[in-house]
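What you see is a predicted model; the values in this text were computed from it and never measured. Reckoned from all heavy atoms, side chains included, excluding hydrogens, waters and symmetry mates.
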Amino acid sequence: MSENNKSKKSGGNMGRSGGPMGSFASGPVVKAKDFKGTLKRLVGYLKPQRTNFILVFIFAIISTIFTIVGPKISAKAIDKLVEGIMNKYTLIGLHAQQEKIATLVKANPAAAKSPKVVAGLAQIKAGISKVMNVNSGKIDFTYILNIIVLLIGLYLVSTIFGFLQQYIMAGVAQKTVYNLRRDVDEKLSRLPLKFFDARTHGEILSRVTNDVDNISTTLQQSLTQLITSFVTIVGIIVMMLTISPIMTLVVILTLPLYIFVTAFVAKRSQKYFAAQQKEIGEINGHVEEMYTGHKIVKSFGHEKDSIQVFRNINDRLYVAGWKAQFISGIIMPLMRFVSNLGYVVVCIVGGLLATQGKVSIGDIQAFIQYSNQFTQPIVQTANIANIIQSTVASAERIFELLDEVEELPESVDGKLIEFPKGEVKFENVDFSYKTEEPLIKNMNIDVKQGHTIAIVGPTGAGKTTLVNLLMRFYEIDAGKITVDGVDIRDMKRAQLRNMFGMVLQDTWLYNGTIMENIAYGRKGATEEETMQAARAAHAHHFIKTLPDGYNTILNEEASNISQGQKQLLTIARAILANPTIMILDEATSSVDSRTEVYIQRAMSELMQNRTSFVIAHRLSTIKDAELILVMNKGSIIEMGNHDELIAKKGFYEDLYNSQFSGANLDNEVV
Ligand SMILES: Nc1ncnc2c1ncn2[C@@H]1O[C@H](COP(=O)(O)OP(=O)(O)O)[C@@H](O)[C@H]1O
Ligand SMILES: [Mg+2]
């Protein structure tokens, strides 16, 4: 996996790490090259879900509004409570005055008539009746209860709408990424091998999984959060303004402080997060290298060095990680400090206004609640901005893949060879993997039905390339290749490839039973047929010795059977497929000599009565071939059967003399 790929991979999910303050605390965000264009295209993917989207929007707005009005309504209850308590104390005061006057009058009855006393009593009476008019001077618990019920109702409605919103959004997000994933997968199957040659598996995997995942999470979480945050910010400002424009101003004035603090911390922490990311990449690379090459490291006695390298990287990772986490951890307390500063100022201003009777106690408590709720959506929105950037970058990588040039389209009326014979012709074929480096030039081959063609030549001569062209894994630049006289470009790829069976040096087996792996060669093969093929491939015997026989499950790397046994299975698979033309590319290269004998026999079985292309080491195979192609540097330099080529005293004879000298006829040619 390349370094470049590593950083891309981790870039996919960046902005989500680092806890609640994600974006401020995480590493640099990978940005899209064409943000607008990509965003537009992404929106295009959401279009089929338009109605659902609008519903999500509306529900999010309703849900948020119902939450936001809460404090303002609870203010009413508090005001009522305060009023009730005040009334109670006013009443007590008035009664006390009344009694004082009464005792005065008792001691001095004449004073009862004095205008001052009369007026005073009247005033007190008026006061009492005024207080009594308000809910008989008691705390209005019914009113408060009603408010509480109302509040519960509001929050309930808010929750229900919030729930609905999430429910619909889950569908929208999953459906969208489902389509995206399907498109990517279908695209991958239409891409030429050239595309895969230029990329690592990890890079391709990362697009199908990480990048799609990133989009899914953003749709699911961040988008609704963005809507909610936006509505919350606007709603809170409106509510605060209705309470007190001056206090609102105070809160808004603290905002630059937040921005300053976050920018201050973000700048410092990003550096360390980037360092942390880099060290993580290195440690992954090192571990991957050391454990895929576990045996080699051990056999060369490099464990100590390997451990030392690991320690060094780990030490650097520790420092970078520690600093990154510490600095990003500072942000929360700092934010709380700023928030508390604002809180104090709001309280002072609120208190002053309250003493002037400009705001009620309930309103002040509502206001404090609002100002507390204010910072969260702002921080969230800033976070989401980063997340959206990394999401659009992910989308861009996916769209890049979707825009790759595809294989030439299938010919419309694919010619079908009903009874294929297996005559193959190359006519003036030119080919290059890279346009600037021509490899095969003007190649001509004529292969008769049932013949065995051996291809020999040094590594890199173009032997495998020849096979690739025959199977149409790559498109030729000039000339034509025909099978039974039909240009392979006039056939459907699947039909063409159906005519071929392949056994390669790298065996490909998948996680499944041996039975399933062999049966892969032909759809709908019965167990009997499968076992028959295994017998023909000389694999039956070893399979039977396994504890679970044909039901033995091959693990991911099929490391529970030997390389040679794997090869026997792929040969059995090819025999079962019963192809017209067989291709054996260095099938015995990485096999022990005992198994090789079996493979040799199995291969002869396989090559009987069908056209076969064999890229092999074994002289026995080469000697019996009807045609030997000697290749070097992309060209066929000699052609003929063994005796003809020896008589020619050319490259082949040289090769023969240098490598099969003496009685050692089983030596290697390649
Ligand atoms: N997928 C590819 N992309 C680019 N160049 C390739 C690719 N495969 C092979 N080559 C190059 O083409 C030449 C022939 O390779 P190949 O046919 O695999 O040789 P052989 O099988 O005879 O060892 C080599 O120089 C090799 O580096
Ligand atoms: Mg090869």
A.B. asks: Does the side-chain contact (heavy atoms from CB on, under 4.5 Å) test come out yes or no for Arg497 and Phe473, once each step is laid out?
C.D. replies: CA-CA 10 Å; Arg497 288 172 193 165; Phe473 287 135; 3.8 Å; yes
A.B. asks: One pair to check against side-chain contact (heavy atoms from CB on, under 4.5 Å): Thr254 and Val345. What are the steps and the verdict?
C.D. replies: CA-CA 10 Å; Thr254 59; Val345 179; over 6 Å; no
A.B. asks: Using the six-membered ring wherever Trp is involved, compare the ring planes of Tyr291 and His294 and label them parallel, tilted or perpendicular (cut-offs 30° and 60°).
C.D. replies: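 Parallel, since the angle between the ring planes stays under 30°.
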A.B. asks: So Trp322 and Phe326, would you call those rings parallel, tilted or perpendicular, with 30° and 60° as cut-offs?
C.D. replies: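 The rings of Trp322 and Phe326 lie parallel, inter-plane angle below 30°.
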A.B. asks: Measuring from Phe337:CZ to Leu341:CG, what's the distance to the nearest 0.5 Å?
C.D. replies: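 Here the interatomic distance stands at 4.5 Å.
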A.B. asks: So, Thr570 and Gln567: side-chain donor and acceptor under 3.5 Å apart, yes or no?
C.D. replies: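 Result is yes, a qualifying pair exists.
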A.B. asks: Is there a side-chain contact between Val172 and Gln220 (heavy atoms, below 4.5 Å)?
C.D. replies: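 Sidechains of Gln220 and Val172: no contact.
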A.B. asks: Mind checking whether Phe195 and Leu188 have side chains closer than 4.5 Å, heavy atoms only?
C.D. replies: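 In contact.
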A.B. asks: Establish, yes or no, whether the cationic atom of Arg268 lies under 6.0 Å from the six-membered ring centre of Phe264 and within 45° of the ring axis.
C.D. replies: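 So Arg268 does make the cation-pi contact.
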A.B. asks: For residues Lys175 and Gln49, determine if any side-chain heavy atom of one lies less than 4.5 Å from a side-chain heavy atom of the other.
C.D. replies: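 Touching, per the 4.5 Å side-chain cut-off.
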A.B. asks: Can you find a heavy atom in the side chain of Ile313 that is under 4.5 Å from one in the side chain of Val309?
C.D. replies: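 When only atoms from C-beta onward are counted, Val309 and Ile313 do touch, with a gap below 4.5 Å.
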A.B. asks: Let's go through Arg190 and Glu406 carefully: what are the C-alpha distance in whole Å and the side-chain angles of both, what is the deciding distance for salt bridge (charged side-chain N to carboxylate O under 4.0 Å, His left out) to 0.1 Å, and is it a yes or a no?
C.D. replies: CA-CA 6 Å; Arg190 289 193 305 265; Glu406 296 182 6; 3.0 Å; yes
A.B. asks: Considering only heavy atoms from C-beta outward, does the side chain of Arg41 approach that of Asp403 to under 4.5 Å?
C.D. replies: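 Yes. Closest side-chain heavy atoms under 4.5 Å.
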A.B. asks: Counting only heavy atoms from other residues, nucleotides and ligands, does the tally under 6.0 Å from OH of Tyr343 exceed 12?
C.D. replies: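 Incorrect, the count does not exceed 12.
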A.B. asks: Under a 4.0 Å N-O cut-off, is there an ion pair linking Lys566 with Asp506?
C.D. replies: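 Salt bridge: no.
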A.B. asks: With a cut-off of 6.0 Å (strictly less than), are more than 12 heavy atoms of other residues, nucleotides or ligands near CZ of Arg182?
C.D. replies: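 It does: Arg182 CZ has more than 12 such atoms within range.
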A.B. asks: What is the minimum heavy-atom distance between Gln373 and Pro71, and which atoms define it?
C.D. replies: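 The answer is NE2-CG, 4.3 Å.
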A.B. asks: Please determine whether the number of non-hydrogen atoms from other residues, nucleotides or ligands lying under 6.0 Å from atom CZ of Phe196 exceeds 12.
C.D. replies: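 Counting other residues, nucleotides and ligands, CZ of Phe196 exceeds 12 neighbours.
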A.B. asks: Go through it in stages, so that I can follow the logic: the residues are Phe35 and Glu396, the test is side-chain contact (heavy atoms from CB on, under 4.5 Å), and I'd like the CA-CA distance, side-chain angles, deciding distance and then a yes or no.
C.D. replies: CA-CA 8 Å; Phe35 185 86; Glu396 189 169 55; over 6 Å; no
A.B. asks: Is atom OH of Tyr433 surrounded by more than 12 heavy atoms (other residues, nucleotides or ligands) closer than 6.0 Å?
C.D. replies: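 Atom OH in Tyr433 is crowded, with more than 12 foreign heavy atoms closer than 6.0 Å.
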A.B. asks: In residues 225-237, what donor-acceptor pairs under 3.5 Å come from side-chain atoms, sequence neighbours left out?
C.D. replies:
from   : atom 1 : to     : atom 2 : distance (Å)
Thr228 : OG1    : Thr224 : O      : 2.6
Ser229 : OG     : Gln225 : O      : 2.8
Ser229 : OG     : Gln380 : OE1    : 3.1
Thr232 : OG1    : Thr228 : O      : 2.5

A.B. asks: Could you grab the distance from atom CZ of Arg181 to atom OG1 of Thr209, nearest 0.5 Å is fine?
C.D. replies: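 Taking CZ in Arg181 and OG1 in Thr209, the distance rounds to 10.0 Å.
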A.B. asks: How long is the span from the CG atom in Leu219 to the OG1 atom in Thr391, to the nearest 0.5 Å?
C.D. replies: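 So the CG of Leu219 and the OG1 of Thr391 are separated by 8.0 Å.
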A.B. asks: So, for Ser216 and Ala173, which heavy atoms are closest and what is the spacing to 0.1 Å?
C.D. replies: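 Smallest heavy-atom distance, with atoms named: O-CB, 4.1 Å.
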A.B. asks: Has Tyr520 got more than 12 heavy atoms of other residues, nucleotides or ligands less than 6.0 Å from its OH?
C.D. replies: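 No, not enclosed.
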A.B. asks: Check step by step if side-chain contact (heavy atoms from CB on, under 4.5 Å) holds for Met502 and Val467.
C.D. replies: CA-CA 10 Å; Met502 265 186 133; Val467 165; 3.5 Å; yes
A.B. asks: Hey, could you give me the CE/OG1 distance between Met631 and Thr464, rounded to the nearest 0.5 Å?
C.D. replies: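 One finds 9.5 Å between CE of Met631 and OG1 of Thr464.
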A.B. asks: When you compare the side chain of Asn372 with that of Ser339, does any pair of heavy atoms fall below 4.5 Å?
C.D. replies: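 Touching, per the 4.5 Å side-chain cut-off.
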A.B. asks: If you round to the nearest 0.5 Å, how far is OG1 of Thr552 from CD1 of Ile561?
C.D. replies: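 Result: 8.5 Å between the selected atoms.
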A.B. asks: Of the non-hydrogen atoms in Asn517 and Leu509, which two are nearest, and what is the gap between them?
C.D. replies: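 Of all heavy-atom pairs spanning Asn517 and Leu509, the closest is OD1-CA, 3.5 Å.
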A.B. asks: Treating Thr38 as the side-chain partner and Asp34 as the backbone partner, does any N or O pair qualify as donor plus acceptor under 3.5 Å?
C.D. replies: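 Yes, the answer is positive, given that a donor and an acceptor are paired below the 3.5 Å cut-off.
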A.B. asks: Between the side chain of Ser306 and the main-chain N/O of His302, is any donor-acceptor distance below 3.5 Å?
C.D. replies: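 No; zero donor-acceptor contacts below 3.5 Å.
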A.B. asks: Check for a donor-acceptor pair, side chain of Lys463 on one end and backbone N or O of Pro458 on the other, with a separation under 3.5 Å.
C.D. replies: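 Checked: pair present.
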A.B. asks: Under 3.5 Å, side chain of Ser158 to main-chain N/O of Ser63, donor-acceptor pair present?
C.D. replies: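 Confirmed, Ser158 side chain pairs with Ser63 backbone.
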A.B. asks: Have Tyr474 and Thr465 got a donor and an acceptor in their side chains that come within less than 3.5 Å?
C.D. replies: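 There is no such pair (donor and acceptor under 3.5 Å, judged by atom type) between the side chains of Tyr474 and Thr465.
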A.B. asks: Shortest non-hydrogen contact from Arg573 to Ile518?
C.D. replies: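 Scanning both residues, the minimum pair turns out to be CG-O, 3.6 Å.
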A.B. asks: Looking only at heavy atoms, what is the nearest atom pair of Gly44 and Pro48, with distance?
C.D. replies: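 Shortest heavy-atom contact: O-CD, 3.7 Å.
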A.B. asks: Between Phe163 and Phe59, is the ring pair (Phe, Tyr, Trp, His ring centres under 6.0 Å) condition met? List the steps.
C.D. replies: CA-CA 9 Å; Phe163 169 77; Phe59 287 176; over 10 Å; no
A.B. asks: Regarding Glu279 and Arg316, does a basic nitrogen lie under 4.0 Å from an acidic carboxylate oxygen?
C.D. replies: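 Judged by the 4.0 Å cut-off on N to carboxylate O distance, Glu279 and Arg316 do form a salt bridge.
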A.B. asks: Taking NZ, NE, NH1 and NH2 as the nitrogens, is one of them in Glu400 or Lys33 under 4.0 Å from a carboxylate oxygen of the other?
C.D. replies: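 Here Glu400 pairs with Lys33 in a salt bridge, since their nearest N and O are under 4.0 Å apart.
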A.B. asks: Indicate yes or no: at least one non-hydrogen side-chain atom of Gln276 is less than 4.5 angstrom from one of Leu317.
C.D. replies: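 A side-chain contact exists here, since the closest heavy-atom pair is under 4.5 Å.
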A.B. asks: So do Leu569 and Ile543 actually touch side chain to side chain, heavy atoms under 4.5 Å?
C.D. replies: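 The answer is yes; the side chains approach within 4.5 Å.
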A.B. asks: Compare every heavy atom of Leu402 with every heavy atom of Lys187, then report the nearest pair and how far apart it is.
C.D. replies: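 Scanning both residues completely, I find the closest heavy atoms to be NZ-O, 2.9 Å.
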A.B. asks: When rounded to the nearest 0.5 angstrom, what distance separates OG1 in Thr507 from CD in Gln565?
C.D. replies: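 The OG1 atom of Thr507 sits 11.5 Å away from the CD atom of Gln565.
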A.B. asks: What residues form a ring pair (Phe, Tyr, Trp, His ring centres under 6.0 Å) with Phe399, not counting sequence neighbours?
C.D. replies: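 Phe399: ring pair (Phe, Tyr, Trp, His ring centres under 6.0 Å) contacts with Tyr45.
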